[in-house]
Each structure stands twice: as structure tokens, then as C-alpha cells.
Colleague: 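If you scroll down you'll find the structure; I have some questions about it.
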Amino acid sequence: MPVAITRDVSANLAECQLSFVARDHIDLDLARSQHAAYCGALAALGCEVRRLPALNALADAVFVEDVALVLDEVAVMTRPGAASRRAEVEPMADVLAAYRPLLRIEAPGTVDGGDIVRLGRDVYVGQAARSNADGVAQLARMLLPFGYRVHAVTTHGCLHLKSAVTVVADDTLLVQPAWVDIAGFSNHRLLEVDPSEGHAANAVRIGDAVIHPSCFPRTHERLRQAGISVHAVDVSELQKAEGAVTCCSLVFER
């Protein structure tokens with residue numbers, strides 16, 4: 001059974017970091033309700049969901065994916081590109097230490113977990129808004145002894161690599177070609193988002209299904225036609241905080 005670690009929504013979510021979306025009013029009660037439904041979707045798909053309490057002083061702490069990369073052998077504690085988010089790392093390190101040995105990205109390196117897409121022993125890291133070359137180089141050095149190959153990928157027009165590429169099946173990636181050069185992923189089956197749904201490339205894969213935002217029905221249909229089961233969730237308030245469905249959990253095998 002996979003473990004899914006989540007963290008409840010901060011009371012200060014409206015003070016979140018934003019880079020590529022305009023600030024809009026966030027309904028905090030609705031955000032919390034949507035996050036609870038998201039946790040329910042993880043559980044319904046077979047995850048053991050571990051919900052951590054909100055860190056109300058840290059507006060973005062609900063987006064737990066950004067502070068760690070959990071592999072079979074180790075967990076890498078990242079150093080987020082936004083300085084305001086670096087205090088999120090140690091509380092998550094305390095949790096992950098029960099599951100994996102810990103490694104750490106150190107200054108001046110920065111890496112956000114949302115920039116990391118793992119395809120087998122290949123680890124792709126988006127290098128743009130929040131993750132820098134030093135962070136990518138550190139990650140490559142620390143993962144080499146475990147047999148992983150790290151590849152830097154340039155993104156443009158989006159916050160994270162997982163805004164543009166996510167794994168939706170063993171052989172299939174959901175992609176937004178406007179934000180990343182998909183030629184680097186040409187050895188995989190590529191499923192493009194519907195052109196009218198530019199932000200639809202972010203999906204959480206759990207087994208043979210994906211969790212995907214309910215506001216992208218045309219891309220849902222493309223996923224279903226590809227044989228992928230879609231569990232739709234409403235995350236509209238978290239999207240206003242520049243969040244997505246992968247951001248809100250760390251999913252790994254115990």
C-alpha cells in the first residue's frame with residue numbers, strides 16, 4: 001500500500017508565493033474542503049493517507065511535494081527556490097526520517113520537488129523559476145551511487161516541470177508542449193493536453209488511475225481514450241495559490 005503524506009491548509013494560504021498566476025481571492029473554507037476531498041481521493045485509490053497538521057505561519061506548506069523527493073532508497077530534502085518556503089523542510093524531514101535515510105540539497109543550490117519527474121532510473125529536473133543549476137548538480141552527485149541518472153530540463157512559462165510533464169501510466173506522459181521541449185521525452189508515449197486547457201498536464205498517478213483537476217474535462221477524455229482511469233477532484237482554490245494535484249502529496253511505497 002502506498003503512503004501519501006499531506007499537510008492541511010494554512011490559515012495564511014492567501015499570502016502564498018505566486019510567479020505565473022495573478023493573485024485572486026482564496027476562499028479558505030472551500031480550500032480546506034477541497035483539500036479534504038483530495039485526501040479522500042488518495043485513500044479511495046488505495047493510499048494510506050497521513051495528514052499532517054497545518055503550519056499556519058507558512059502559507060505554502062500544503063504543497064508538500066516541493067520540500068522532498070522520496071525514492072526507494074533515500075529521501076532528498078530539497079532547498080526550495082522561494083526563501084519563504086525553506087522553513088517547511090525541517091518539519092517534513094522529521095516525518096520522512098521514519099521512512100528513509102535523508103540527504104539534503106545545500107546552499108547555494110535550490111530545487112523544488114515539483115520540478116522533478118522520475119522515469120525509472122532517470123530523474124528529470126526542471127531548471128528555471130525555482131530550481132537552479134547548482135541544485136541539479138548536487139542532486140546528480142548524490143543519486144549517482146544509487147544508479148539514478150539526473151537530467152536538467154529547461155522550462156518556460158510555468159512554475160515547475162510537473163506543470164508541463166507528469167507520468168500517467170508506465171509508458172505514458174501527459175504533456176503541455178508549450179512549456180517544455182517534449183523532444184527530450186520522445187522515447188515515451190506522449191499524450192498532449194487539450195489545447196483549450198493549458199494547465200492540464202499535472203496529474204497524480206496512483207496505480208492504474210490518476211487524480212486530475214475537475215476543470216479539465218477535455219483532457220479527461222483524452223486520458224480515458226488512452227485507457228487511463230480518471231478520478232476528478234475540484235482544487236480551484238489551491239490552483240489560485242499556484243498549486244496543482246501533485247503538489248499536495250508525497251506518495252511512495254512504504
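When reading the values below, keep in mind they use all heavy atoms of this one structure, side chains included, and skip hydrogens, waters and symmetry mates.
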Colleague: Rounded to the nearest 0.5 Å, what's the gap from CG on L52 to CD1 on I5? Could you check?
Modeller: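 Between L52 CG and I5 CD1, I get 6.0 Å after rounding to 0.5 Å.
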
Colleague: Using links of under 4.5 Å between side-chain heavy atoms of ILVMFWY residues, direct or through other members, which residues join L58 in one cluster?
Modeller: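 In the cluster with L58 are L55.
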
Colleague: Can you name the closest pair of heavy atoms from L96 and A75 and give their distance?
Modeller: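 Closest approach of L96 to A75: CD1-CB, 4.2 Å.
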
Colleague: Say you draw a straight line from SG of C247 to CG of L238; how long is it, rounded to the nearest 0.5 Å?
Modeller: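 These two atoms lie 9.0 Å from each other.
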
Colleague: Any sub-3.5 Å donor-acceptor pair from S33's side-chain atoms to L30's backbone N or O?
Modeller: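 Absent.
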
Colleague: Per the side-chain hydrogen bond (donor to acceptor under 3.5 Å, both in side chains) rule, which among T166, T246, D170 passes with R205?
Modeller: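 Only match with R205 under side-chain hydrogen bond (donor to acceptor under 3.5 Å, both in side chains): D170.
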
Colleague: Heavy atoms, side chains only, cut-off 4.5 Å: are V117 and V167 in contact?
Modeller: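 Sidechains of V167 and V117: in contact.
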
Colleague: For residues D234 and S214, report the shortest heavy-atom separation together with the two atoms involved.
Modeller: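 Minimum heavy-atom separation between D234 and S214: CA-OG, 3.4 Å.
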
Colleague: Who pairs with H212 by ring pair (Phe, Tyr, Trp, His ring centres under 6.0 Å), at least two apart in sequence or on another chain?
Modeller: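 Per chain and number, H212 pairs via ring pair (Phe, Tyr, Trp, His ring centres under 6.0 Å) with F216, H220.
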
Colleague: Taking atom types as modelled, find out whether S236 and Q34 have a side-chain donor-acceptor pair closer than 3.5 angstrom.
Modeller: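 There is such a pair between these side chains.
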
Colleague: Around atom CZ of R218, are there more than 12 heavy atoms from other residues, nucleotides or ligands closer than 6.0 Å?
Modeller: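 Not buried by this count: 12 neighbours or fewer within 6.0 Å.
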
Colleague: Quick one: does V180's side chain get under 4.5 Å of V175's, heavy atoms only?
Modeller: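 No, their side chains stay 4.5 Å or more apart.
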
Colleague: Considering residues at least two apart in sequence or located in another chain, which fulfil the ring pair (Phe, Tyr, Trp, His ring centres under 6.0 Å) criterion with Y99?
Modeller: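 Y99 satisfies ring pair (Phe, Tyr, Trp, His ring centres under 6.0 Å) with F252 once adjacent residues are dropped.
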
Colleague: Does Y38 belong to the same Ile/Leu/Val/Met/Phe/Trp/Tyr cluster as I206, with side-chain heavy atoms less than 4.5 Å apart forming each link?
Modeller: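 Yes; tracing contacts between hydrophobic side chains, which count when under 4.5 Å, links both residues.
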
Colleague: Under 4.5 Å between side-chain heavy atoms, chaining through other members, with only Ile, Leu, Val, Met, Phe, Trp and Tyr counted: pull out the rest of the cluster around W179, sorted by chain and number.
Modeller: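 Joined to W179, directly or through intermediates: none.
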
Colleague: Could you tell me whether R118 and D72 have a side-chain N and a carboxylate O separated by less than 4.0 Å?
Modeller: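 Yes, this pair counts.
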
Colleague: Do V70 and M77 land in one hydrophobic cluster if side-chain heavy atoms of ILVMFWY residues count as linked below 4.5 Å?
Modeller: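 As far as the 4.5 Å side-chain criterion goes, M77 and V70 are connected within one cluster.
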
Colleague: Just verifying a value: how many Å separate E242 CD and H160 NE2, rounded to the nearest 0.5 Å?
Modeller: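 The NE2 atom of H160 is 8.0 Å from CD of E242, to the nearest 0.5 Å.
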
Colleague: What residue pairs, at least two apart or across chains, pass side-chain hydrogen bond (donor to acceptor under 3.5 Å, both in side chains) with a residue in residues 4-15?
Modeller: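 Every side-chain hydrogen bond (donor to acceptor under 3.5 Å, both in side chains) pair that includes a residue of residues 4-15, provided the two are not neighbours, is D8-R51.
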
Colleague: Please tabulate, for side-chain N and O atoms in residues 189-196, each donor-acceptor pair with protein atoms closer than 3.5 Å (sequence neighbours left out).
Modeller:
residue: R189; atom: NH1; partner: T172; partner atom: OG1; Å: 3.4
residue: D194; atom: OD1; partner: S196; partner atom: N; Å: 2.9
residue: D194; atom: OD1; partner: S196; partner atom: OG; Å: 2.5

Colleague: Determine the minimum heavy-atom distance between N132 and G135, stating which atoms define it.
Modeller: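 Distance-wise, the nearest heavy atoms are OD1-N, 2.8 Å.
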
Colleague: State, to 0.1 Å, how close Q239 and C215 come at their nearest heavy-atom pair, and which atoms those are.
Modeller: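 Closest approach of Q239 to C215: NE2-SG, 3.6 Å.
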
Colleague: Please write out which residues are connected to L18 in a hydrophobic cluster, directly or through intermediates, given that two of Ile, Leu, Val, Met, Phe, Trp, Tyr count as joined at side-chain heavy-atom separations below 4.5 angstrom.
Modeller: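 Answer for L18: V21.
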
Colleague: Between CE of M1 and CD of E253, what distance do you get to the nearest 0.5 Å?
Modeller: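 If I round to the nearest 0.5 Å, the distance is 10.0 Å.
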
Colleague: Can you name the residues that form a side chain to side chain donor-acceptor pair (under 3.5 Å) with R149, not counting sequence neighbours?
Modeller: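 Counting only residues at least two positions away or on another chain, R149 forms a side chain to side chain donor-acceptor pair (under 3.5 Å) with D122.
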
Colleague: If Ile, Leu, Val, Met, Phe, Trp and Tyr residues are connected whenever their side-chain heavy atoms lie under 4.5 Å apart, and connections chain through other members, are V168 and L119 in the same group?
Modeller: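 As far as the 4.5 Å side-chain criterion goes, L119 and V168 are not connected within one cluster.
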
Colleague: For the CD atom of E237 and the NE2 atom of H25, what is their distance to the nearest 0.5 Å?
Modeller: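 Here the rounded value is 7.0 Å.
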
Colleague: State, yes or no, whether a side-chain contact exists between R32 and H35 at a heavy-atom distance under 4.5 Å.
Modeller: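 The answer is no; the side chains never approach within 4.5 Å.
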
Colleague: Just so I know, are the side chains of D208 and S229 near enough to count as touching, which here means a heavy-atom distance under 4.5 Å?
Modeller: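 D208 vs S229: side chains apart.
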
Colleague: Of all heavy-atom pairs between G126 and S131, which one has the smallest distance, and what is that distance?
Modeller: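 Distance-wise, the nearest heavy atoms are O-CB, 3.2 Å.
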
Colleague: Quick check: do R130 and Q17 have side-chain heavy atoms less than 4.5 Å from each other?
Modeller: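 Side chain of R130 against side chain of Q17, heavy atoms only: contact under 4.5 Å found.
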
Colleague: What pairs with H188 under ring pair (Phe, Tyr, Trp, His ring centres under 6.0 Å), at least two apart in sequence or on another chain?
Modeller: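 If we apply the ring pair (Phe, Tyr, Trp, His ring centres under 6.0 Å) test to H188, skipping adjacent residues, there are no hits.
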
Colleague: Is there a side-chain contact between R79 and R86 (heavy atoms, below 4.5 Å)?
Modeller: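 Heavy-atom side-chain distance check passes, below 4.5 Å.
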
Colleague: Run the ring pair (Phe, Tyr, Trp, His ring centres under 6.0 Å) test against H156 and tell me which residues pass, sequence neighbours left out.
Modeller: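 Not a single residue meets the ring pair (Phe, Tyr, Trp, His ring centres under 6.0 Å) criterion with H156.
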
Colleague: How about L250 and V95: do any of their side-chain heavy atoms sit closer than 4.5 Å?
Modeller: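 Not in contact.
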
Colleague: Can you list, by chain and residue number, the hydrophobic cluster partners of I105 when the side-chain cut-off is 4.5 Å?
Modeller: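 Traced through the cluster, I105 reaches L69, L71, V74, V76, L103, V111, I116, V123, V125, V136, L139, M142, L143, F146, Y148, V150.
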
Colleague: V204, V62: one ILVMFWY side-chain cluster at the under-4.5 Å cut-off?
Modeller: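 Yes; V62 is reachable from V204 via cluster members.
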
Colleague: If hydrophobic clusters are built by linking Ile, Leu, Val, Met, Phe, Trp and Tyr wherever their side-chain heavy atoms come under 4.5 Å apart, do V233 and V9 end up in the same one?
Modeller: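 Shared cluster, yes.
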
Colleague: Taking all heavy atoms of L161 and all of Y124, pick out the closest pair and write down the distance.
Modeller: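 So the minimum-distance heavy-atom pair works out to CD2-O, 3.7 Å.
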
Colleague: Say you draw a straight line from OG1 of T219 to CG of N202; how long is it, rounded to the nearest 0.5 Å?
Modeller: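 If we round to the nearest 0.5 Å, T219:OG1 and N202:CG are 12.0 Å apart.
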
Colleague: Give every donor-acceptor pair under 3.5 Å between a side-chain atom in residues 40-49 and any protein atom, sequence neighbours left out.
Modeller:
residue: E48; atom: OE1; partner: R254; partner atom: NH2; Å: 2.8
residue: E48; atom: OE2; partner: R254; partner atom: NH2; Å: 2.7

Colleague: Give a yes or no on whether the backbone of P80 and the side-chain of D66 come within a donor-acceptor separation of less than 3.5 Å.
Modeller: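 Looks like no, no N/O pair under 3.5 Å.
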
